[in-house]
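Letters A, B, ... mirror the listed sequences (proteins, then strands); counts begin at 1.
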Protein chains: 2
Amino acid sequence: MASTAQVRLTARKTPRQARATATLEAILEATIQVLVAVGPARLTTTRVAARAGASVGTMYQYFPNKQALLYAVTERYFDIVAASVEQVCREQHGARVGQMAEALVEAYWRAKIVRCKVTRALYLVAAEVDTTPLVEAFSKRVELATSTMFASAPDAKFADLTIVNLTLLTSLFGTVRSLFDRSLPKPWACGVQQQLIFMCRSYLEAAKVPSQPAAAVQPHRPSPVIERGPV
Amino acid sequence: MASTAQVRLTARKTPRQARATATLEAILEATIQVLVAVGPARLTTTRVAARAGASVGTMYQYFPNKQALLYAVTERYFDIVAASVEQVCREQHGARVGQMAEALVEAYWRAKIVRCKVTRALYLVAAEVDTTPLVEAFSKRVELATSTMFASAPDAKFADLTIVNLTLLTSLFGTVRSLFDRSLPKPWACGVQQQLIFMCRSYLEAAKVPSQPAAAVQPHRPSPVIERGPV
DNA sequence: ACCTGAACACCGTTCAAGT
DNA sequence: ACCTGAACACCGTTCAAGT
């Protein structure tokens, strides 16, 4: 592992009294605020504690180290985003694929942009803490929701839904991230977001397995190098 | 700005003697090695200096701070990747769009994966240093190369090449990054990479403006919400 | 149970002294 | 011109002492 050595990232103890719960909450909230204000690299445990109205020692009662603090905040964030994706997936159950793709992209985009400062700050914590397990859990959760949704579409069947779904999500997550990383003027970012919907629709359309009344329209040229499943 | 305050990120002075040039080179090389070994968060100026066989003071003669060091290394890396993308763009000049898309994705993927440890480490330095200017310069450079290439395709014209090109690249950069961030088993990663080619092809195909002998095939359903340019 | 903050170790950065 | 490394300030983490 490159960036991180072996460190416990889970909470150290859970509060038993109401006062303690409030303290813990204050610390987590303060962490987000400091994160947004100065970024993860310049975030200081003392600063977080001060912002939360507590002392450093208190913070260390609940978290074994700075990394665990960032880990906890990231976990909460992923949970919110995953939940809102799951919601649209339920809402779009049984719709047409094109409509699903559009709703999915828009929901994810909205979830990221509503708290865009937080999003931007959290994209950077990966450098301080190894958040791979969180990314993995988040991805798996979303994959399940979207694949269930796509499987319910009446207008499309896919030869290998798993890989199509995985590709679509990888591209969605990545494209949105790229948009955050670059400092594109808003109109361009919106343009790309619109095109992204169009791109996802085109991909799904092209990845469809031809339905019953097929054989009518054939691909113009034989598509040569295009394989589907994992190699 | 969240993560970084005002700091000079450019080199402090340039070496005048051969000995000094060697020192500088050793420092840059050592930085990459340490970066790969422990990641940007745990990279230490002393460690870098030691690895380079120099003292901390020497490092500070050439770089005003740790961030400038990481900045310089990132710049070099971007330069290599951009150069290899530019090369395929020249090679594919005048080819068909589908072929171009495939070559582009594969070239970018290859450039990233040949030194995958370095790639992974450098993805993380963005948290320590504000590399936005470098990302921007890199993107602009690649945009120019690919848009020139696409404009030379005999089999496709686009209503707005700029936004199509921007979307394609944003998606390419992002998807590849997502693949690095997640710890997918190799076969799945390869599967997604293959599908990404297919996705880019489908998108370009769908974004084409119908050529001369058009009017024959009409879109099955009016596509509702799909706009092209920036809003 | 929970909280505090002085104390310690470590790392970024400087600068007076060397070749 | 270039290099060195002890010295200083700052931040993560601990722990003895408090309520």
Subject >> Spacing between A/Phe63 atom CZ and D/dG12 atom C1', to the nearest angstrom >> reply: 16 Å

Original post:
Rounded to the Å, how far apart are B/Arg16 CZ and D/dC3 P?
Top reply: 13 Å

Subject >> Comparing B/Val56 and B/Ala18 on DNA chain D - which has the more 5′ nearest nucleotide >> reply: B/Ala18

Original post:
Just checking B/Leu43: base, sugar-phosphate only, or nothing, at a heavy-atom cut-off of under 4.0 Å?
Top reply: sugar-phosphate

Original post:
Hey, does the side chain of B/Tyr60 come within less than 4.0 Å of D/dC3's phosphate (OP1/OP2), counting only N and O?
Top reply: no

Original post:
In whole angstroms, how far is the C1' atom of C/dT19 from the CD atom of B/Gln17?
Top reply: 11 Å

**OP:** Considering just the side-chain nitrogens and oxygens of B/Lys13, establish if one lies under 4.0 Å of OP1 or OP2 belonging to D/dA1.
**Re:** no

Original post:
Rounded to whole angstroms, how far apart are CZ on B/Arg19 and C1' on D/dC2?
Top reply: 5 Å

Original post:
Can you check the B/Met59 CE to D/dT4 P distance for me, whole Å?
Top reply: 13 Å

**OP:** Classify the nucleic acid contact of A/Leu24 as base, sugar-phosphate or nothing, counting any heavy atom under 4.0 Å across all strands shown.
**Re:** nothing

Subject >> Heavy-atom closest pair, residues A/Leu124 and B/Ala127 >> reply: O-CB, 3.3 Å

Original post:
Once you round it to whole Å, what is the distance between P of D/dG12 and CZ of A/Arg8?
Top reply: 21 Å

Original post:
Want to settle it: does A/Thr45 or A/Thr58 sit nearer the 5' end of DNA chain D, counting the closest nucleotide to each?
Top reply: A/Thr45

Original post:
Between B/Arg51 and B/Gln33, is a side chain to side chain contact (heavy atoms under 4.5 Å, CB included) present by the stated rule, with each step listed?
Top reply: CA-CA 8 Å; B/Arg51 192 90 185 76; B/Gln33 289 182 21; 2.7 Å; yes

